[in-house]
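Notes follow once the structure below has been shown.
Whatever order the structure lists ligands and atoms in, that order sets their numbers, starting from 1.
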Amino acid sequence: MEQPHLAGPSPINPITCVDMHTAGEPTRIIWNNIPPLAGTLLEQRAQAKSRFDEFRRLLMLEPRGHYDMYGAILRPETELVVSGQADMGVLFMHNEGFSTMCGHGTIALGRFLVDVDEKIFPRRKHLSYDPDSRTTALNLHVPCGIVRVTVPTLSSGKSDAERPVSFVSVPSFATATSLTVSVPEKYRWAELGGRSSVTVDIAYGGAYYCMVSAEELGFPGGLGEVALQDMDRASKLLKETVVANPELQYLTRDSRTAEEGFLYGVMITDSRLGHVSAVEGSAASRAQLDAGSEETGLCFFANQQIDRSPTGSCVAARVALAYAAGSLAKGEKRVYNSLVTRAHRGLAGFVGSVFDDAGSGGVRVCVEGYAYYTGYHTFVVEKEDGLGVDGFSVRDIAL
Ligand SMILES: O=C(O)[C@H]1NCC[C@@H]1O
């Protein structure tokens with residue numbers, strides 16, 4: 001299909017963005033010069049995908065982004081914003097397309113939306129500040145529903161970077177526990193050895209994830225001893241195995257359409273990586289000290305993008321799994337680290353807990369984390385630039 005040429009961004013009509021990171025994972029927040037998207041949030045996402053994919057490629061891929069970049073396009077007019085149920089809509093994008101949910105991006109957006117003015121966030125003035133908790137709450141319309149975001153706020157009205165942002169997930173649930181997945185010959189990876197099956201859990205936290213332990217994936221030494229490219233290869237083949245099996249489709253679909261119900265990521269866990277000591281004096285780690293337990297994992301999502309953060313929507317899925325298994329009581333907190341937050345003492349993991357019952361066996365999960373501003377961008381495309389309004393990935397071109 002022919003892509004319509006985007007108007008700009010030219011040097012006099014640039015795209016402006018704020019970049020943030022949440023537990024090391026980037027979010028590029030975009031609010032101007034967005035191609036015309038209309039209708040419901042999901043219709044807007046469909047248009048962004050089918051007619052304006054260059055916009056995503058321009059801002060996510062090289063030379064302005066990179067393979068593991070993540071973005072959030074603000075959508076101030078969606079059906080739920082117009083009806084007053086939500087304050088702002090957002091589309092999330094990555095190296096492959098658009099997602100249904102993003103926890104780390106939600107945490108970053110919480111701070112950003114409290115800090116910006118009404119030109120960028122028309123409903124800013126409708127937000128309510130709670131003086132007791134010194135927080136501001138807002139409802140964010142994300143493709144999988146509405147998430148309630150609570151943002152620590154200073155008396156100046158700006159967000160407080162010293163305290164964690166939290167959000168309450170959409171109903172999250174386990175769809176399969178200890179499921180034996182047989183791996184057809186063509187998908188088997190070397191580390192499986194002679195095995196022809198793996199045991200996994202599948203759960204939903206706004207997106208569907210497949211959880212597998214490092215040992216089960218064929219890495220007995222655990223996550224700490226595996227090269228990233230080996231994990232990449234094995235998790236890719238496991239994902240392909242699950243996606244290719246029509247009998248497993250219902251586990252990542254439920255009653256959702258193919259656009260909403262699909263396997264988004266594989267989370268490799270390692271239960272043997274125990275507690276990591278807190279950074280002395282760091283606000284982030286102090287906030288985690290009252291959590292009773294801790295887990296570490298690494299998530300490969302979309303086109304094998306590596307999440308530096310503990311993956312907020314997958315934390316929701318894992319809390320739902322733990323609750324269903326009886327290993328996490330309502331209100332009990334657990335720290336979720338990624339390999340990156342575990343390794344870097346300046347990064348804090350996320351804290352997950354069951355917020356309430358969502359009916360039909362599901363729970364809403366509270367996920368807490370810290371996001372920080374990293375910079376401001378003004379992106380342009382020169383008319384002489386042969387790359388035009390596009391981006392590329394060095395990993396995807398034959399060199
Ligand atoms: O935190 C999250 O939920 C997101 N991080 C990247 C992949 C997920 O969308």
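- Proximity annotation for atom 9 (O) of ligand 1: of F301, Y264, F300, Y264 comes nearest, heavy atoms only.
- Ligand 1 lies less than 4.0 angstrom from a heavy atom belonging to Y209.
- If you number the atoms of ligand 1 from 1 as listed, the ones under 4.0 Å from a heavy atom of M101 come out as 9 (O).
- Contact annotation: Q305 has no heavy atom less than 4.0 Å from any atom of ligand 1.
- Side-chain polar atoms of H126 and D87 form no donor-acceptor pair below 3.5 angstrom.
- Checked against T136 for a side chain to side chain donor-acceptor pair (under 3.5 Å), the options T150, D130, T153 give a single hit: T153.
- Between H104 and Y70, the ring planes are perpendicular. Angles over 60° get that label, and only those under 30° would be called parallel.
- The salt bridge (charged side-chain N to carboxylate O under 4.0 Å, His left out) test with D390 is passed by exactly one of R57, R56, R64: R57.
- With ligand atoms numbered from 1 in the order given, ligand 1 contributes 1 (O), 2 (C), 3 (O), 8 (C) to contacts under 4.0 Å with heavy atoms of T311.
- Residue contacts with ligand 1: Y70 is placed with a nitrogen or oxygen under 3.5 Å of a nitrogen or oxygen of the ligand (distance criterion only).
- Those atoms of ligand 1 that come under 4.0 Å of a heavy atom in G312, given as number and element, are 1 (O), 2 (C), 3 (O).
- Within the 4.0 Å heavy-atom criterion, neither part of S99 lies near ligand 1.
- Ranking the protein heavy atoms by distance from atom 2 (C) of ligand 1 puts G103 N, 3.1 Å first.
- Here the two rings, on F350 and Y336, have centers that are 6.0 Å apart or farther.
- Here Y204 and F173 bring their ring centres to under 6.0 angstrom of each other.
- Of the protein's heavy atoms, D307 OD2, 2.7 Å lies nearest to atom 5 (N) of ligand 1.
- Interatomic distance, SG of C299 versus CZ of R318, reported as 9.0 Å (0.5 Å rounding).
- Y209 and S313 are linked by a side-chain donor-acceptor pair at a separation below 3.5 angstrom, with hydrogens and angles left out of the test.
- Annotation: E25 places no N or O atom under 3.5 Å from an N or O atom of ligand 1; distance criterion only.
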